Visitor: 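One structure follows; several queries about it will come next.
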Amino acid sequence: MIGAAALALIVAIALMLIRALSGPTLYDRVLAVNSLGTKIILLLGVIGFLTGRPDFLDISILYALINFVATIAILKFFRYRSFQVSLSRRGKDGA
Amino acid sequence: MIETVFEYWNAFRPALGSALLLVGAILAVIGTIGVLRFPDFYTRLHAASVTDTSAATLAILGMALLAPSFAVVIKLAVVWLFLFLTGPTSSHALANAAHTAGLQPMIGRLGESDGGDE
Amino acid sequence: MGYFLGLIVVLTALWTGLSGEYTLTKPLIASLGAISILLSAILAYRFDILDREGSPYGRIVQLMLYWAWLLVEIFKANWVVIKACLRSTLDINPALVKVKTGCESDLARTVFANSITLTPGTVSVEVEGNKILVHALYEDSAGPGAFDEMDRRSREASDGKGKA
């Protein structure tokens with residue numbers, strides 16, 4: 001049953017790759033890669049339980065951290081074409 | 001009395017855990033189908049958030065029921081907390097970036113003639 | 001100073017939970033943990049992010065209660081989106097609406113906007129002052145008054161009942 005769950009997650013990842021490769025706009029691709037990351041986090045945990053080594057969860061925590069930072073960094077780069085811009089807008093609004 | 005309850009619980013726990021895990025994985029597939037079917041970027045964002053919220057919650061709950069020790073449960077809780085804190089932030093960043101770049105959403109009722117192009 | 005201590009307590013709990021060292025029998029690992037916790041807290045102080053938003057642990061009970069309420073809402077909203085994904089003919093009705101919020105502080109506004117995004121079917125696109133631009137999968141799920149309860153609860157959870 002855990003194997004079936006892993007298989008379903010792999011199918012979801014494969015389907016999401018179609019969207020990442022064919023997505024018409026840049027944002028579709030970033031969305032697909034971000035969602036792919038969430039599924040990979042779950043898959044890493046499932047692999048850990050499948051092989052009886054829950055240490056895989058450490059890798060999945062790390063993947064969650066990197067996935068978030070990568071999404072924000074890609075979006076920031078395509079908006080400002082540079083990483084050297086401050087994102088904080090203190091005092092302007094609460095965004 | 002209380003020991004028999006614990007025994008039943010321990011016999012029942014792996015089955016419940018793997019069932020929840022399977023339901024979560026199937027929800028991830030459903031969310032992906034939505035991402036493939038929906039017609040424009042903003043609607044795809046809604047389908048992707050199914051994976052981020054309920055699929056992740058159910059799968060992690062299932063894994064927590066399968067966990068051999070309490071340290072594993074804590075790690076799973078950290079993963080869950082982190083997914084719930086960062087998920088909306090990246091969704092909002094994506095929507096905000098697309099809106100700022102001038103990507104217009106489709107508005108109004110959409111029948112089958114507009115979508116299902118995949 | 002309260003924020004600093006709160007951050008240190010939370011970081012210690014996180015480190016203990018992740019490393020599994022409850023007994024402190026290995027001095028090397030324990031001292032490495034103490035060094036990393038202190039370094040993170042000092043860096044947070046130097047980055048000037050040790051304020052009410054950076055460590056909102058004073059209201060952790062109210063925020064947790066709000067989160068429990070939000071989880072129920074999330075699962076209710078998930079059902080709608082799952083049905084929309086699986087219907088054989090595509091039948092959605094997307095809309096962009098402006099939602100007014102009564103949240104005054106930045107923390108309350110962030111909690112409210114993130115709650116909207118976290119609920120499947122609605123995404124907050126832009127925050128301008130006290131108006132939030134929301135994209136919804138179904139127009140009637142974002143009609144007038146649909147977010148009133150969420151607005152009130154997130155304001156009470158992050159600012160308390162007395163204010164606003």
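Bear in mind that the values here come from a model prediction, so they are computed numbers and not experimental data. Chain letters run A, B, ... following the sequence lines, proteins first, then strands; residues in each count from 1. When reading the values below, keep in mind they use all heavy atoms of this one structure, side chains included, and skip hydrogens, waters and symmetry mates.
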Visitor: What are the two closest heavy atoms between B:His92 and C:Val127, and how far apart are they?
Guide: CE1-CG2, 4.4 Å
Visitor: Please tell me if the side chains of C:Trp67 and C:Val111 come closer than 4.5 Å, counting only heavy atoms from C-beta onward.
Guide: no
Visitor: Without swapping roles, check the side chain of C:His135 against the backbone of C:Val123 for a donor-acceptor pair under 3.5 Å.
Guide: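 Not a single qualifying donor-acceptor pair exists.
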Visitor: Between B:Ala71, B:Ser69, B:Ala95, B:Gly31, which residue shows the highest count of heavy-atom pairs closer than 4.5 Å to chain C?
Guide: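 Going by pairs under 4.5 Å, I would pick B:Ala95.
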Visitor: Just so I understand: if I count every heavy-atom pair under 4.5 Å between each of C:Val125, C:Leu133, C:Thr117 and chain B, which residue has the most?
Guide: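 Most pairs with chain B among the choices: C:Val125.
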Visitor: Using the side chain to side chain donor-acceptor pair (under 3.5 Å) rule, collect all pairs that involve residues 19-31 of chain B, keeping only residues at least two apart or in two chains.
Guide: none
Visitor: Answer with side chain, backbone, both or neither: which region of C:Leu71 has an atom nearer than 4.5 Å to a non-hydrogen atom of chain B?
Guide: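 The answer is the side chain of C:Leu71.
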Visitor: Can the ring centroids of C:Trp79 and C:Phe75 be said to lie less than 6.0 angstrom from one another?
Guide: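 Between C:Phe75 and C:Trp79, which both carry aromatic rings, the centre distance is not below 6.0 Å.
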Visitor: Counting C-beta onward and ignoring hydrogens, is there a side-chain heavy-atom pair between B:Asp40 and B:Thr43 closer than 4.5 Å?
Guide: yes
Visitor: With a 4.5 Å cut-off on heavy-atom pairs, point out which of C:Leu14, C:Leu86, C:Thr119 contacts chain B the most.
Guide: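 It is C:Leu86.
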Visitor: Tell me, for C:Thr122 versus chain B, whether the close heavy atoms (under 4.5 Å) come from the side chain, the backbone, both or neither.
Guide: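 Backbone only.
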Visitor: Which pair of heavy atoms, one from C:Met150 and one from C:Tyr66, lies closest together, and at what distance?
Guide: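 Reported closest heavy-atom pair: CG-OH, 3.6 Å.
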Visitor: Just to be sure I understand the criterion: a residue of residues 5-16 of chain B counts if one of its heavy atoms is under 4.5 Å from a heavy atom of chain C. Which ones qualify?
Guide: none
Visitor: What part of C:Leu118 lies closer than 4.5 angstrom to a heavy atom of chain B: side chain, backbone, both or neither?
Guide: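 Contact with chain B is through both the backbone and side chain of C:Leu118.
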Visitor: With chain C as the partner, which of B:Leu27, B:Ile30, B:Ile74, B:Val73 has the greatest number of non-hydrogen pairs under 4.5 Å?
Guide: B:Ile30
Visitor: Is it the backbone or the side chain of B:Val50 that comes under 4.5 Å from a heavy atom of chain C, or both, or neither?
Guide: both
Visitor: What I'd like to find out is whether the side chain of C:Ile74 reaches to under 4.5 Å of the side chain of B:Phe84, using heavy atoms alone.
Guide: yes
Visitor: Using only non-hydrogen atoms and a strict under-4.5 angstrom cutoff, which residues of residues 52-67 of chain B touch chain C?
Guide: B:Thr53, B:Ser54, B:Thr57, B:Leu58
Visitor: Indicate every side-chain donor-acceptor pair of residues 35-44 of chain C with a distance under 3.5 Å to a residue at least two apart or in another chain.
Guide:
| from | atom 1 | to | atom 2 | distance (Å) |
| --- | --- | --- | --- | --- |
| C:Ser36 | OG | C:Leu32 | O | 3.1 |
| C:Ser36 | OG | C:Gly33 | O | 2.9 |
| C:Ser40 | OG | C:Ser36 | O | 2.7 |

Visitor: Is it the backbone or the side chain of C:Ala136 that comes under 4.5 Å from a heavy atom of chain B, or both, or neither?
Guide: backbone
